[in-house]
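Dumping the structure here so I can ask a few things about it.
The chains referred to below are lettered A, B, ... by the order of the sequence lines, with proteins before strands, and numbering in each begins at 1.
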Number of protein chains: 2
Amino acid sequence: MKETGTVKAVSDSTVRRLSAYYRRLSEMEEEGIEIASSKELATRNGVTPAQVRKDFSLFGKFGRRGQGYTVKDLKEAIAKILGVGRGWNVALVGLGKVGAALFHYKEFRKQGFNIAAVFDNDPAKQGGHIGDAEIYAPERLKEVVQEKGIGIGIVSVPGEAAQAAVDALVMAGVRAILSFPMRRVVVPEGIHLRYVNMAVEMEGLSFLLANPGSKRHRSSPEGVR
Amino acid sequence: MKETGTVKAVSDSTVRRLSAYYRRLSEMEEEGIEIASSKELATRNGVTPAQVRKDFSLFGKFGRRGQGYTVKDLKEAIAKILGVGRGWNVALVGLGKVGAALFHYKEFRKQGFNIAAVFDNDPAKQGGHIGDAEIYAPERLKEVVQEKGIGIGIVSVPGEAAQAAVDALVMAGVRAILSFPMRRVVVPEGIHLRYVNMAVEMEGLSFLLANPGSKRHRSSPEGVR
DNA sequence: TCATGTGAAACGCTTCACAGCT
DNA sequence: AGCTGTGAAGCGTTTCACATGA
C-alpha cells in the first residue's frame, strides 16, 4: 500500500510486464473480480508468481500477506507508476494510412493518450481537421508542441523522412518518441525512443517456422510480448 | 561463408537483432557499400561489435578475418536464417481500419510476406476484393488456408473476437500468429504467437517520462527495439 | 596489422525458498 | 494456514580479451 519514493533502475522487461498486468487488471475489474493473488495474475499473464511479486516489489508493497492484492488499488498503483491516466498530450507526425489508422485507434485515448495535434507535409491537408485535432504544417511543430504542452511524439512518415521528423520533434522539446518507420533513427542522449515494427515480429515468426527446434523454452511461456 | 546445419537454442533478442542487421544491410547495399565490419554494423544498430559477431557465430562463419563481411553475402545469409524471401503466404483476419492499414503496408510484401487471403465477419465485405486478395467469410478459413498454403496468420479483430480468431487460425493449421488486439490470447504448445501492441510501447515511454532516472543504461544504447 | 570467431568472465534477470504478516 | 515480500542462488545473455588467420 505504500510506495517508496526511491526510483531504482528498472528493466525494460519489467515495464512491459507492468503494462500487461495493468491490462489484465482492467479486464478483471470488468469481470467483477476484487482480489487477485500473484498466482492468478501470473496465470493471466503467462509468467511466474515470483516474477509478479518481484516486479511489484521494485516499487513498493501493494498487497496484503495471506490475502493477495486488491484489484482496484493495484490497478491504480500501476497506473501511477506507468504515468498513464495523467493525460499525456501527443503529437502525431505523418497522416498517411498508418497515421490515420493510429489516430482512430480508440484504446489509445482510453489509456490516457490524447492526440492533441497532427502534422503533415501535404499542404492539402494542412489547416484541416481529423476528428477534433487540427492538422498543421511541420514548420509549426515547435510552436504547437509548446502551446499544447505536448510531451510525446508519434512518427508515422515514410522512412526517408523519419530522421527529419524525429529531429523536428526533439527540437520542439518532445522527450519521448514512438517511431513506426523501419528506418533506424538517432536521438540525443536523454531522449526516449521506441520503435513499433511489425516486420521485426513477422521475421521473428518466420525464423521460428524456418528453424524448428530453435526455440528457447525459457522466459514467459509464450510470453508477454 | 559456411553454415552449420545444427540449430542451437537462439534467444528472442538475437532474432530481433538479426532483423535489424538485415534491414541495415539492405540500406548499406542501397548506399553502394560492399564491405562491412562488425564495428560498422554495431554502430548502425546501436549494439556492440562483440554482440554482432556473437550473434552471427550462432549460425556459422560469415566473415573474413582482417577484412569484415561482404554486405551482399551477409544479407543473403541472414535472409536464409530468418526464412524471409521464401515467400510466406499470410492470412489477414479482420479488415477494419487496422487490418486495412496493414494490408496496404508496402514494406511488408517487399520482405516476402504475401497476404494471400483476407477474412472478415461483415457479409457486406465478403466476396469482394481488397487489392488482389479475396475477402472470405471466417467459416472458410480452414479450406482457404489449406488451399493457398498459408503458414502465418495476422489477427486484427476487436479484442472480444481475438481468441476466436486465433482458435480458428490454429484449427486451420496455421502455426504462427501475429496478434494486434490488446487482449491476451492463448495458443496450444508449439504454435508461435507474437503481439504488436502500441499501447505497451506508449506506456513504456510514459513510464520513462514519469520516472526520470529509472532508466537502465545497459542493453542496446537506445536499442534495437 | 587488422578484424573475425570464441571460450571465459561479468553482468543482469528470473526463480527459489523462506521469513514475515495477516 | 495462506500469500506476500525478498535475499540469495541459478541461469542466460552480453562483454571481454585473445587466439586465429588473412
Contacts of A:Val84 that satisfy side chain to side chain contact (heavy atoms under 4.5 Å, CB included) - sequence neighbours left out: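 A:Val84 satisfies side chain to side chain contact (heavy atoms under 4.5 Å, CB included) with A:Tyr22, A:Ala79, A:Leu82, A:Phe113, B:Glu203, B:Ser206 only.
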Partner residues of A:Arg53 under the salt bridge (charged side-chain N to carboxylate O under 4.0 Å, His left out) criterion, sequence neighbours left out: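 Checked A:Arg53 against salt bridge (charged side-chain N to carboxylate O under 4.0 Å, His left out); zero matches.
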Letter per nucleotide, 5' to 3', of nucleotides 17-22 of chain D [B base touched, S only sugar-phosphate touched, - untouched; heavy atoms, 4.0 Å]: B-BBBS
Inter- and intrachain pairs under ring-ring contact (aromatic ring centres under 6.0 Å, His included), touching residues 152-177 of chain B, at least two apart: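 Listed once each, the pairs would be none.
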Pairwise 5' ranking along DNA chain C for A:Thr14 and B:Ser57, keeping only the more 5' one: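 This one resolves to B:Ser57.
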Residues which pass salt bridge (charged side-chain N to carboxylate O under 4.0 Å, His left out) with A:Lys110, listed by chain and number, not counting sequence neighbours: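 In terms of salt bridge (charged side-chain N to carboxylate O under 4.0 Å, His left out), with neighbours along the sequence ignored, A:Lys110 is linked to A:Glu107.
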Below 4.0 Å: OP1/OP2 of D:dT15 and any side-chain N or O of B:Thr48: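 So the side chain of B:Thr48 is within the cut-off, an N or O lying under 4.0 Å from OP1 or OP2 of D:dT15.
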Whole angstrom value for the distance that separates P of D:dG5 from CZ of A:Phe59: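 Atom-to-atom, A:Phe59 to D:dG5, this comes out as 14 Å.
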Spacing between A:Phe56 atom CZ and D:dC3 atom P, to the nearest angstrom: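 Nearest whole value for this atom pair: 16 Å.
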Spacing of A:Asp55 atom CG relative to C:dG12 atom C1', expressed in whole Å: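 In whole Å, C:dG12 C1' and A:Asp55 CG are 14 Å from each other.
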Atom-pair distance (NZ on B:Lys54; P on C:dA10), nearest Å: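 After rounding, the gap between these two atoms is 15 Å.
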ring-ring contact (aromatic ring centres under 6.0 Å, His included) involving B:Tyr21 - partner list, sequence neighbours excluded: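 B:Tyr21 satisfies ring-ring contact (aromatic ring centres under 6.0 Å, His included) with B:Phe56 only.
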Contacts of type salt bridge (charged side-chain N to carboxylate O under 4.0 Å, His left out), residue B:Lys75, not counting sequence neighbours: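 For B:Lys75 the salt bridge (charged side-chain N to carboxylate O under 4.0 Å, His left out) partners, ignoring immediate neighbours, are B:Glu29.
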Neighbours of DNA chain D within residues 27-43 of chain B, by heavy-atom distance under 4.0 Å: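 Here the set is empty: none.
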Under 4.0 angstrom between B:Gln51 side-chain N/O and D:dT13 OP1 or OP2: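 No, outside the criterion.
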A:Leu208: side chain to side chain contact (heavy atoms under 4.5 Å, CB included) partners, not counting sequence neighbours: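 So A:Leu208 forms a side chain to side chain contact (heavy atoms under 4.5 Å, CB included) with A:Ser214, A:Lys215, B:His192.
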Separation of atom CZ in A:Phe62 from atom P in C:dC21, rounded to whole Å: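 Computing the A:Phe62:CZ to C:dC21:P distance gives 18 Å.
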Spatial distance of atom OG (A:Ser179) from atom CD1 (A:Ile154) [nearest 0.5 Å]: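 If we round to the nearest 0.5 Å, A:Ser179:OG and A:Ile154:CD1 are 10.5 Å apart.
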Sugar-phosphate only, base, or nothing, as touched by A:Tyr69 at under 4.0 Å among non-hydrogen atoms: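 Touches sugar-phosphate only.
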Interatomic distance, B:Leu74 CG vs C:dG5 C1' [rounded to whole Å]: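 One finds 14 Å between C1' of C:dG5 and CG of B:Leu74, rounded.
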Side chain to side chain, A:His104 and A:Arg109, heavy atoms closer than 4.5 Å: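 No. Closest side-chain heavy atoms not under 4.5 Å.
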